[in-house]
Each structure stands twice: as C-alpha cells, then as structure tokens.
Amino acid sequence: MTVGDGTCNDGNFCSTMDGFKLGLPNNSCFAATYLAGDTTCGQDSNNCTTGTAPCNVSATVLGIPASGGSCTPGGGVPTKQPVSWANLGLGCGSPQLTAAGCNGTQVCLPRAGGDFVGGVCIMHVDDVSCPPGTFTEKHVFYQDFTDDRGCGECACGAAADGTCPATVELYGSDTCTAGSLLSSIPAGACVDLVGNPEIQGRKLSAIGLPTGGSCAASGGDATGDAEPTDATTFCCTQ
C-alpha cells in the first residue's frame, strides 16, 4: 500500500509511505508504528511537499496478483471450405468409325458440336504427356480428390494478469476500533483521505478467488491440403 501527498487524480504526487505493510489477510488489526498528520513529507527533488501541505492525502492499494492457474486449450477443429472444381469436363467417346474419304490406316471421325472442343481428342488414364504429332493440345480432368486438411494441436501458455479481490481498511487507532475507521479501499484502487489523518491501524480482509487473467494461445495452424485424384488426360487437335 502507498500513501501520498496528492489526490488519486494527481499523477505526480509524492509517496510518503511506500510499501506500507498490511498484515495477514485474516481481517485482524495490524498496528502501525507510523504516526501521520505531518506536513513535511520529503525532499523537493522527490516532488514531496515541505511543510506547506498535508502529507496523507490519498492511499493506494495495489492489485493482488493471482498465482498459478492454467487454461484448457480448445479449438483445433478445422473449418473447411467446400472443395470445388475450376472446370467441369465431359467427354463423349466411341464414335462410329467410317473409312470413307480416308487413306491408308486413317479413319474419319465426326467433329464435336455444341460446347465441346472443336477438334478431335484421344484420352489416356493418368496425367501423361501428349504424343508428338497431331494431338498436342493437352487437357487434364480429375474424377475425385483426397482431403487431409486439419489443424495443429492447440496449446495455452501460463496464466497471467489475474487478480485476487481483497479490501484494506485504514484506522486512526492502533486497535482498529469501528469509530476510528478512515477509509475502506478495494485492492487495485485509490481513495482520497480527508483531514491529513494519522494512520495507526489497518485490516486486510481475506483474499478471494482470482478473477480475470488469460493464457497466451499457440498452435492451431492449418495443415494438409485437398488434392485431385484419378486423372484422365485428353490430347486434342488444334
């Protein structure tokens, strides 16, 4: 706890009692040997008043940090976008072969109509190179895919920034009698004092269960990919 010669809203006040002991957190009275009510609080270089203003204007109780604790990691389940194909292929084969107008081992085939490629194509299972010669325009289509997309394991770092609730009561007597109560301050707060009082006793209430805090998350990186399978190569004339 800290007592200073400026109000809680004054960010440049002098700490006249820094590290003021609070006693055990069992709501018992802890007597102080410090007698307040002074007006000479410290040195000019320390921003303290020197006989012209009260020393005990505000009191600050720091937050009580929580210790230990842990976080249970969650997530790690991928959110997959549906697999979609860039192009749709449809092939029609086994046309009726005729020898009319053809020489040697050549045969005549009808040209495809509609949305089909204008030339004539040959096909081969798997992704292969087209043969040299007439059928040089390559198209590859797939019938299926494998999908091993996933997420790496999620993890949590150590718990941090949690605080424990407690209240400090300041008294003007070293026996902490009810009539001498000066102020009640929650841990992590500042209160302004009235009348530059002597602070001779204080009580620290039992520290409650921690609140707040967080754990730094890690992991959960995307893994794997969706890959096409069952390729068929079509080699067509220009």
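Please read these numbers as outputs of a predicted model, since none were measured by experiment.
Contacts classified as side chain to side chain donor-acceptor pair (under 3.5 Å) and involving residues 158-167 (residues at least two apart or in different chains) are not found. The salt bridge (charged side-chain N to carboxylate O under 4.0 Å, His left out) pairs that include a residue from residues 56-83 are Lys80-Asp147, where partners are two or more places apart or lie in different chains.
The shortest distance between side-chain heavy atoms of Val194 and Asp192 does not fall below 4.5 Å. Side-chain contact between Asp230 and Tyr142: absent, with no pair of heavy atoms (C-beta onward) separated by less than 4.5 Å. For the pair Cys235 and Pro131, the minimum side-chain heavy-atom distance is below 4.5 Å. Pro228 is not listed as a side-chain neighbour of Asp144, based on a closest heavy-atom distance of 4.5 Å or more. Contact of the Ser173 side chain with the Gln200 side chain is not registered, since no non-hydrogen atoms from C-beta on lie closer than 4.5 Å. Considering only heavy atoms from C-beta on, Leu193 comes within 4.5 Å of Ser183 through its side chain.
Judged by distance alone, with hydrogens and angles left aside, the side-chain atoms of Arg149 form no donor-acceptor pair with the main-chain N or O of Thr79 at under 3.5 Å. Between the side chain of Asp148 and the main chain of Asp225, a donor-acceptor pair closer than 3.5 Å is present. Remark: side-chain polar atoms of Asp174 are not paired, donor with acceptor, to backbone N or O of Gly201 under 3.5 angstrom. Of the possible polar contacts, one joining the Asn26 side chain to the Ser28 backbone as a donor-acceptor pair under 3.5 Å is found. Side-chain N or O atoms of Thr237 include one that pairs as donor or acceptor with a backbone N or O of Val120 at under 3.5 Å. Looking only at distances, a side-chain donor or acceptor of Asn196 sits under 3.5 Å from a matching main-chain atom of Cys55. Here the side chain of Thr229 pairs no donor or acceptor atom with the backbone of Thr146 at under 3.5 angstrom.
By the disulfide (SG to SG under 2.5 Å) test, Cys151 is found to be paired with no residue, residues two or more places apart in sequence or in another chain being considered. Contacts of Thr134 classified as side chain to side chain donor-acceptor pair (under 3.5 Å), with partners at least two apart in sequence or in another chain: none. The side chain to side chain donor-acceptor pair (under 3.5 Å) search around Glu227 returns none, not counting sequence neighbours.
Atom SG in Cys29 sits 10.0 Å away from atom CD in Glu169 (nearest 0.5 Å). In this structure, CG in Asp5 is found 8.0 Å from OG in Ser58, a value given to the nearest 0.5 Å. The distance from atom OG of Ser129 to atom NE2 of His124, rounded to the nearest 0.5 Å, is 11.0 Å. Rounding to the nearest 0.5 Å gives a distance of 8.0 Å between CG of Asn9 and SG of Cys190. The distance from atom CD1 of Ile199 to atom CG of Asn56, rounded to the nearest 0.5 Å, is 5.0 Å.
Residues Ile64 and Val61 do not share a hydrophobic cluster, clusters being chains of Ile/Leu/Val/Met/Phe/Trp/Tyr side chains in contact below 4.5 Å. Cluster membership check: Met123 does not share its hydrophobic cluster with Phe135, using side-chain heavy-atom separations under 4.5 Å among Ile, Leu, Val, Met, Phe, Trp and Tyr.
Taking each heavy atom of Cys176 and Arg202 in turn, the nearest pair found is SG-N, 3.7 Å. Taking both residues in full, the closest heavy atoms of Val140 and Ala231 are given as CG1-CB, 4.1 Å, listed atom of the first, atom of the second, then distance. Leu170 and Ala59 get closest at one heavy-atom pair: CD1-CB, 3.8 Å. For Cys164 against Gly208, the heavy-atom pair with the smallest separation is CB-O, 3.8 Å. Closest approach of Ser184 and Pro186 over heavy atoms only: O-CD, 3.9 Å. When every heavy atom of Ser70 is checked against every heavy atom of Ala159, the shortest pair comes out as N-CB, 4.2 Å.
Between Cys156 and Cys215, the gamma sulfurs sit at a distance of 2.5 angstrom or greater.
Relative ring orientation between Phe234 and Phe141 is described as perpendicular, the plane-to-plane angle rising above 60° on a 0-90° scale split at 30° and 60°.
Atom CG of Asn87 has 12 or fewer heavy atoms from other residues, nucleotides or ligands within 6.0 Å. Applying the 6.0 Å contact sphere to CD of Glu153 captures no more than 12 heavy atoms from other residues, nucleotides or ligands.
Leu181 forms part of a hydrophobic cluster together with Tyr171, judged by ILVMFWY side-chain heavy-atom separations under 4.5 Å.
With respect to the salt-bridge test (charged N to carboxylate O, under 4.0 angstrom), the residues Lys138 and Asp127 qualify.
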